[in-house]
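The block underneath contains the structure these notes are about, expressed in structure tokens.
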Amino acid sequence: MKKERINLLGAGLIGSLLAIYLRKRGLEVSIFEKRQDWRHLNVSGEGRSINMALSYRGWKALERAGIKDKVIPYTQAMYGRRIHDEHGDTFFQPYGKEDQAIYSISRNAFNKILLDEAEAQGASVHFGHKVEHVNVAAREVSFSLEDGSEKSIHSEVLIGSDGAYSALRNAFQSQLRFNFNQQYISHGYKELSIPPSPEGEFAMDPNALHIWPRGKFMLIALPNLDKSFTCTLFLPFEGYKVSFANIHDERDIEQVFKTHFNDAYNLMPNLLEDFTRNPTAALINTECYPWTENNTLLIGDAAHAMVPFYGQGMNCGFEDCSILDGLIAKYGTSSWDLVFEKFQKGRKPDTDAICQLAMDNFVEMSDNVADPKFLIRKKIEARLHELYPQEWVPLYSMVTFSEMKYSEAYAIGKLQEKVMDRVMSDPLITQNWDRLDYEDILHQVVVSGAV
Ligand SMILES: Cc1cc2nc3c(=O)[nH]c(=O)nc-3n(C[C@H](O)[C@H](O)[C@H](O)COP(=O)(O)OP(=O)(O)OC[C@H]3O[C@@H](n4cnc5c(N)ncnc54)[C@H](O)[C@@H]3O)c2cc1C
């Protein structure tokens, strides 16, 4: 019997993992990727790579695909946030319980592991194939190739894993009753770096995600295996004194860093070169529906691109792959329309929730983490979790360290927020937080129906 061929558009993180899942189900898989094969490039120059935080949902999806063990050696555990204040003092906020961590991994290295595995499992990858146009009704994709030629293919089943600016999604936009919403936020980002110390060691705590929160802007740094850190500077594009629009020359760069990030500045010998060479990139949130039409499907960022402030875009996309695989296992491969319909219906409320949480978390990361009252709030929540580990799980933990549906975590988080707002409205809370009636706080959540 002829096996069904699935064509995937985009060999990024999500397309590559999905290819592994589909091959394991015995399906024929071809991936079409606009980039040339980048896997031989090293990490400098064109191969420069940002790093990602991999958390529980991502690990689970890797485990189910049988590739977790190959990824572990490329990760560096981060057990909490290390906050750097304006005086150069730092303090540590654990992410969860003692052994709970999120894991830093180079995006390029990760993409290579997944794509190598997809190929090893028998997926065929066609590089240098840029999707120019998709005819959804005919399921026909037209590509432009590196040599300037063009090519078209027909697909029985077509999946768009081609990222936030998806060509398949563009084609959906000419369909009747397709909803699409995109929002660029006011901030952009730039990648910078902190090399290893002269002794060849990590220049800062290697087991933390470092944050320099400064109200309307912030710097973060994630450790790499080569003992460097990749930093990301988030600034408003314009409208504020410290913004990309107000940084014109090397003097401005130095002034911003010496004034606001002086301890990091002292560890950044390549700052001027990095800042001028690396692009300033925009941050986008996209939501759309439906995700499926005529045996085609959007997945990963193509279906739901979120701002990076919950560190969940990739983790959520991996979870997409694992959920889709579960549906294929349940309903088989003879009715893709049913599988895709079940997938979009079940998943959409969850991706809406995480997109919203990612937006909300920007405020928390850039502003609140240095606010003493916020820290008390976090301590109260941590105490509640310690006393009632099953009944009070902080929102961050539900999102990052569990597989609870994002929409459920969102709803519980809202109830907890209401109760905590009430607790924090006590003017003496900074003195009294240690002596609160914790059972009563939990009770307030229970009667609201959260647990
Ligand atoms: C600054 C930043 C930090 C982030 N940090 C984290 C984090 O810590 N943790 C986390 O979970 N998520 C993070 N994310 C989100 C994460 O990067 C994305 O969710 C993830 O990369 C989505 O994967 P994808 O495969 O869907 O899309 P992509 O990674 O964008 O891959 C899409 C692929 O499709 C190809 N493609 C695009 N257009 C075409 C075309 N026309 N024809 C053919 N091929 C095409 C691209 O070349 C690419 O290979 C971050 C995002 C940003 C911007």
Side-chain angles (χ1 to χ4, degrees), residues 7-19 30-39 49-59 61-62 75 78 102-108 110-112 114-115 118 125-134 141-146 151 153 159-171 184-185 187-192 209 220 222 230-234 278-286 298-321 351 354-355 358 361-362 365 399-400:
N7 288 327
L8 300 183
L9 306 177
L13 295 163
I14 308 310
S16 303
L17 182 65
L18 184 57
S30 295
I31 319 181
F32 298 88
E33 165 60 47
K34 74 174 173 190
R35 289 177 286 169
Q36 286 301 325
D37 192 350
W38 72 95
R39 288 174 291 180
S49 170
I50 65 166
N51 40 17
M52 326 280 299
L54 176 61
S55 52
Y56 189 77
R57 292 168 202 266
W59 279 121
L62 294 170
T75 60
M78 301 179 289
I102 58 174
Y103 293 80
S104 175
I105 182 166
S106 144
R107 179 203 284 266
N108 270 357
F110 201 6
N111 206 161
K112 179 177 180 324
L114 295 178
L115 199 50
V125 188
H126 306 269
F127 291 99
H129 279 63
K130 179 168 186 251
V131 181
E132 294 293 349
H133 178 72
V134 184
V141 184
S142 316
F143 301 97
S144 59
L145 275 57
E146 275 288 298
K151 173 173 156 185
I153 56 155
I159 301 184
S161 48
D162 51 344
Y165 302 93
S166 166
L168 179 58
R169 194 188 61 222
N170 281 347
Y184 282 103
I185 62 166
H187 287 61
Y189 71 96
K190 196 181 271 290
E191 299 297 333
L192 303 167
L209 191 155
I220 67 169
L222 277 73
T230 302
C231 310
T232 312
L233 175 67
F234 294 97
N278 295 343
T280 303
L283 292 165
I284 195 170
N285 180 76
T286 69
L298 300 170
I299 197 164
D301 273 20
H304 46 70
M306 63 198 75
V307 292
F309 305 113
Y310 230 110
Q312 284 294 310
M314 166 192 70
N315 288 289
C316 172
F318 284 172
E319 197 174 52
D320 284 356
C321 297
T351 61
I354 188 60
C355 283
N361 214 36
F362 179 49
M365 279 182 85
V399 169
T400 310

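Keep in mind that what you see is a predicted model, and the values were worked out from it rather than measured. We number each residue from 1, following the sequence as shown. Counting convention: from 1, in listed order, for ligands and their atoms alike.
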Using distance alone, determine whether [X] and ligand 1 share an N or O pair under 3.5 Å.
| X | result |
| --- | --- |
| Glu191 | no |
| Leu283 | no |
| Thr232 | no |
| Met314 | yes |
| Glu33 | yes |

Starting from [atom], which protein heavy atom do you reach first, and at what distance in Å?
| atom | value |
| --- | --- |
| atom 40 (C) of ligand 1 | Val131 N, 3.7 Å |
| atom 53 (C) of ligand 1 | Tyr189 OH, 3.7 Å |
| atom 19 (O) of ligand 1 | Asp301 OD1, 2.8 Å |
| atom 9 (N) of ligand 1 | Ala53 O, 3.1 Å |
| atom 37 (C) of ligand 1 | Asp162 O, 3.2 Å |
| atom 24 (P) of ligand 1 | Ile14 CG1, 3.4 Å |
| atom 52 (C) of ligand 1 | Pro308 CB, 3.9 Å |
| atom 44 (N) of ligand 1 | Lys34 N, 3.1 Å |

What atoms in ligand 1 come closer than 4.0 Å to a heavy atom of [X]?
| X | result |
| --- | --- |
| Lys130 | 42 (N) |
| His129 | 42 (N), 43 (C) |
| Leu13 | 21 (O), 25 (O) |
| Gly12 | 25 (O), 31 (O), 33 (C), 49 (O) |
| Gly10 | 33 (C), 34 (O), 35 (C) |
| Ser161 | 32 (C), 33 (C), 34 (O) |
| Gly313 | 10 (C), 11 (O), 12 (N), 15 (C), 19 (O) |

Please report the closest heavy-atom contact between [X] and [Y], naming both atoms and the distance.
| X | Y | answer |
| --- | --- | --- |
| Met52 | Leu13 | CE-CD1, 4.3 Å |
| Val131 | Ala167 | CG1-CB, 3.6 Å |
| Gly313 | Asp301 | O-OD1, 4.4 Å |
| Gly128 | Gln36 | CA-NE2, 3.6 Å |
| Ala164 | Thr286 | O-CG2, 4.3 Å |
| Asp162 | Ser166 | OD1-OG, 2.7 Å |

Heavy-atom pairs closer than 4.0 Å: do any link ligand 1 to the side chain of Glu132, the backbone, both, or neither?
neither

For Ser166, which part has a heavy atom under 4.0 Å from ligand 1: side chain, backbone, both, or neither?
neither

If you define the side chain from C-beta out and look only at heavy atoms, does anything of [X] sit under 4.5 Å from [Y]?
| X | Y | value |
| --- | --- | --- |
| Tyr310 | Asn315 | no |
| Leu8 | Leu18 | yes |
| Ile50 | Thr232 | no |
| Leu168 | Leu298 | yes |
| His187 | Val307 | no |
| Phe110 | Leu62 | yes |
| Asp320 | His304 | yes |
| Ser144 | Lys34 | no |

Selection from Gly163, Gly58, Gly188, Gly15 by shortest heavy-atom distance to atom 27 (O) of ligand 1
Gly163

Please work out which of Met306, Arg35, Met52 has its closest non-hydrogen atom nearest to atom 13 (C) of ligand 1.
Met52

